[in-house]
Amino acid sequence: MTFLTAWRPSWSGRLVACQLTRRGSESPELCVVDTASRRMTDERLSLARPTPVAWLPDDSGFYYVTGAAGRQVRLHLLGSGSSADPVVFETPHAHLSVAVSPNGRWLTVSSAPGAQTGNDLYLADLAARTAAGAALRLIHHGSQERTSALLKSAPNSLLYAVTDAGAPCGRVCRVDPDRPHYAAWSTLITPGPEDLLTACTALTDPASGQTRFLVGTSHRGAARLALHDAAGRRLADVPAPGTGPGTISGLSTPPGGGEVFFTYTDFVTPPAVYRFSTRQGHCRPYTPPGVNGASTRPAASASASVPSPVVRHLTFRSQDGTPVGLYLIEPAALPEGPRPTILTAYGGFGALAAPAFSPTITAWVQAGGRYAIAQVRGGGEHGTAWHAAGSGVNKPLCFADFAAAAGHLIDQGLTTPDRLAIKGSSHSGLVVAAALTRHPERYAAAVCSDAPTDMIRYPLMGIGPLWATEFGTPDDPEQLDVLLSYSPYHQVKPGTCYPAVLLTGAHTDPRVGSAHIRKFTAALQYATTSPAPVLLRTEADVGHGQRTATRWADLTADTLAFCATHTGLTPPDHR
């Protein structure tokens with residue numbers, strides 16, 4: 001079974017670098033496809049891990065990342081064997097990325113020791129490249145200060161950076177190529193109160209030839225766009241496609257710089273590509289050439305006879321009084337009173353619980369249930385401070401927020417313990433497993449997928465060593481005590497009446513380690529006194545989440561059916 005895990009077109013679009021993995025492996029083969037002939041060329045690179053690809057502007061080759069323990073940036077020229085690829089940069093850091101500016105002048109390399117640990121940023125002027133290669137200079141030392149930065153190029157030879165250094169919710173800075181060190185960066189744009197900077201791209205105003213910035217922010221979950229000039233002055237607000245909570249991502253400006261393309265989605269709208277130009281001043285759905293003018297925006301509902309779900313954004317107080325956001329998606333014209341409800345949260349690695357269309361949510365809500373997503377600490381909804389408040393020794397606050405979210409849903413009469421299911425995968429699965437062992441009486445069912453559950457031995461499984469900053473290390477006595485306080489495997493107590501539990505995972509998970517789910521299953525099956533089942537569902541050849549569409553549908557059907565069975569959800573008759 002082969003998966004297309006990543007792809008990157010060259011600047012001309014003539015070639016595409018594709019990364020293929022097989023049978024759940026995360027060690028891809030990189031190949032190149034000629035778009036005119038639709039055939040693979042003879043290029044083949046075997047990689048230890050997925051890699052970013054940065055094409056040279058003339059399509060003659062690309063930079064890529066290789067290596068497992070020590071990571072390297074190499075330059076591959078088409079037609080040459082990979083063994084001859086020169087090493088451009090090398091680091092012991094686990095996370096490494098590379099990019100080339102659209103004009104082909106600037107090479108940037110980002111290096112980080114772990115997830116959400118801050119990055120080091122290097123810059124090289126390819127115009128000054130010698131036979132020995134391009135000289136990379138360290139311009140941002142974020143791994144030491146735990147801040148992140150991304151360097152980008154703009155028309156008119158402008159360089160700018162998007163960073164959280166000195167700005168937990170982000171800022172845009174001008175970078176002088178002659179003095180590129182971050183100490184000399186000057187702030188151009190900062191988000192407003194309660195706003196989070198989510199994206200930024202530069203373009204050229206065709207009328208004046210001046211550089212403009214299109215900046216995306218999130219205001220309490222609502223996607224916003226604004227146009228700024230090259231000095232950072234706000235010129236105009238640009239109406240975003242949606243009106244409620246939504247997400248704009250992938251802001252990008254093709255070479256030439258006159259337009260911006262991006263993707264928009266929300267809880268009731270599948271992702272669609274939009275286009276913005278300063279000449280028109282508004283966003284419109286993008287219609288690819290040859291589609292006869294038909295809109296590419298998909299219908300929000302699979303059936304026009306089913307009204308779109310209602311989306312609400314609520315706020316509740318956690319145990320320490322901290323306000324926490326909660327998205328609630330429910331059927332239109334729902335009668336008052338408690339309903340079968342699924343609650344989830346991610347709460348890790350600074351990731352946002354961003355509003356996005358999900359067939360899983362849509363199916364549950366169309367069947368008459370409520371779906372709730374808590375924006376617990378440890379995520380990135382309020383910038384780096386919100387992440388820090390729920391990571392490391394503060395990780396228990398993430399689980400406290402989740403427990404408070406469940407309590408809020410019950411206290412508000414939206415559901416009851418016998419109608420409440422919790423569901424999550426990966427870090428979200430850890431949140432579910434911790435909730436399940438802390439308050440088993442509060443839930444009717446739990447679905448936990450691909451999750452770390454033994455938080456004492458997690459560094460010994462999968463890529464666990466990369467998560468020390470997020471969770472802490474059991475080698476430190478203080479951090480060991482914190483990990484033991486919530487480690488789901490160690491919190492299972494024999495003689496406890498646990499709810500119905502479905503645990504799912506791969507036979508072999510190279511990222512988390514399959515032993516986590518298997519050990520947790522065995523512990524729960526031994527300990528529970530409930531007649532409700534504790535079931536393990538495993539699959540071969542899928543890895544950490546990689547599945548074909550049919551396998552995704554099968555897994556989703558199983559998990560939703562499990563939740564429906566144990567919360568009493570009976571789908572309405574839409575015939």
Side-chain angles (χ1 to χ4, degrees), residues 196 198-199 216-225 239-250 262-274 283 285 295-316 324-334 339-347 351-376 379-382 402 405-406 408-409 412 414-415 420-425 428 431 447 552-553 556 559-560 563-564 569 571-572 574:
L196 178 70
T198 56
T217 56
S218 176
H219 180 81
R220 298 182 181 179
R224 292 181 170 180
L225 288 171
T243 56
T247 301
I248 287 173
S249 60
F262 63 89
T263 300
Y264 174 81
T265 185
D266 57 42
F267 288 119
V268 299
T269 309
V273 176
Y274 283 77
C283 306
S295 172
T296 59
R297 178 170 180 167
S301 171
S303 172
S305 63
V306 181
S308 292
V310 173
V311 179
R312 292 194 279 160
H313 188 260
L314 312 177
T315 302
F316 63 91
V324 181
L326 177 77
Y327 291 116
L328 188 67
I329 306 98
E330 56 190 1
L334 187 69
R339 292 291 301 166
T341 299
I342 291 178
L343 170 64
T344 189
Y346 192 77
L352 277 72
F357 183 79
S358 164
T360 302
I361 297 176
T362 301
W364 181 261
V365 173
Q366 287 187 353
R370 289 187 167 105
Y371 204 102
I373 304 169
Q375 300 171 292
V376 301
E381 289 78 11
H382 304 292
F402 189 80
H408 182 75
L409 292 171
Q412 295 299 307
L414 297 168
T415 192
L420 177 58
I422 51 178
K423 179 176 177 291
S425 62
S428 179
V431 176
V447 176
W552 269 118
T556 300
T559 57
L560 291 185
C563 292
L569 178 66
H574 289 306

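Sequence positions, counted from 1, serve as the residue numbers for this chain. Since the model is a prediction, treat every value here as computed from it, not as a measurement.
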side-chain contact (heavy atoms from CB on, under 4.5 Å), that's the test. Do C563 and L569 meet it? Break it down for me.
CA-CA 8 Å; C563 292; L569 178 66; over 6 Å; no

Steps toward side-chain contact (heavy atoms from CB on, under 4.5 Å) verdict (D266, V311)
CA-CA 10 Å; D266 57 42; V311 179; over 6 Å; no

Does the pair F402 and L343 meet the rule for a side-chain contact (heavy atoms from CB on, under 4.5 Å), with working shown?
-> CA-CA 9 Å; F402 189 80; L343 170 64; 3.7 Å; yes

*Does the pair L225 and F262 meet the rule for a side-chain contact (heavy atoms from CB on, under 4.5 Å), with working shown?*
CA-CA 11 Å; L225 288 171; F262 63 89; 4.0 Å; yes

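Between Q375 atom CD and L326 atom CG the span is 8.0 Å, to the nearest 0.5 Å. The NE2 atom of H313 sits 10.5 Å away from the CD1 atom of I329 when rounded to the nearest 0.5 Å. Rounding to the nearest 0.5 Å places OH of Y371 at 7.5 Å from CG of L560. With values rounded to the nearest 0.5 angstrom, L352 atom CG is found 8.5 Å from T198 atom OG1. Once rounded to the nearest 0.5 Å, the distance linking NE2 of H408 with OG1 of T415 reads 12.5 Å.
Summarising the geometry of W364 relative to P340, their closest heavy-atom pair is NE1-O, 3.8 Å, with the distance given to 0.1 Å. Of all non-hydrogen atoms in T360 and K423, the two that sit nearest each other are CG2-NZ, 4.0 Å.
The shortest side-chain heavy-atom distance between R370 and L334 falls under the 4.5 Å cut-off. Under the 4.5 Å side-chain criterion, counting only non-hydrogen atoms from C-beta, Y264 is in contact with I248.
Applying the side chain to side chain contact (heavy atoms under 4.5 Å, CB included) criterion to A333, with sequence neighbours excluded, gives no partner residue. Partners of R312 by side chain to side chain contact (heavy atoms under 4.5 Å, CB included), not counting sequence neighbours, listed by chain and number: V310, L314, L328, E330, L414.
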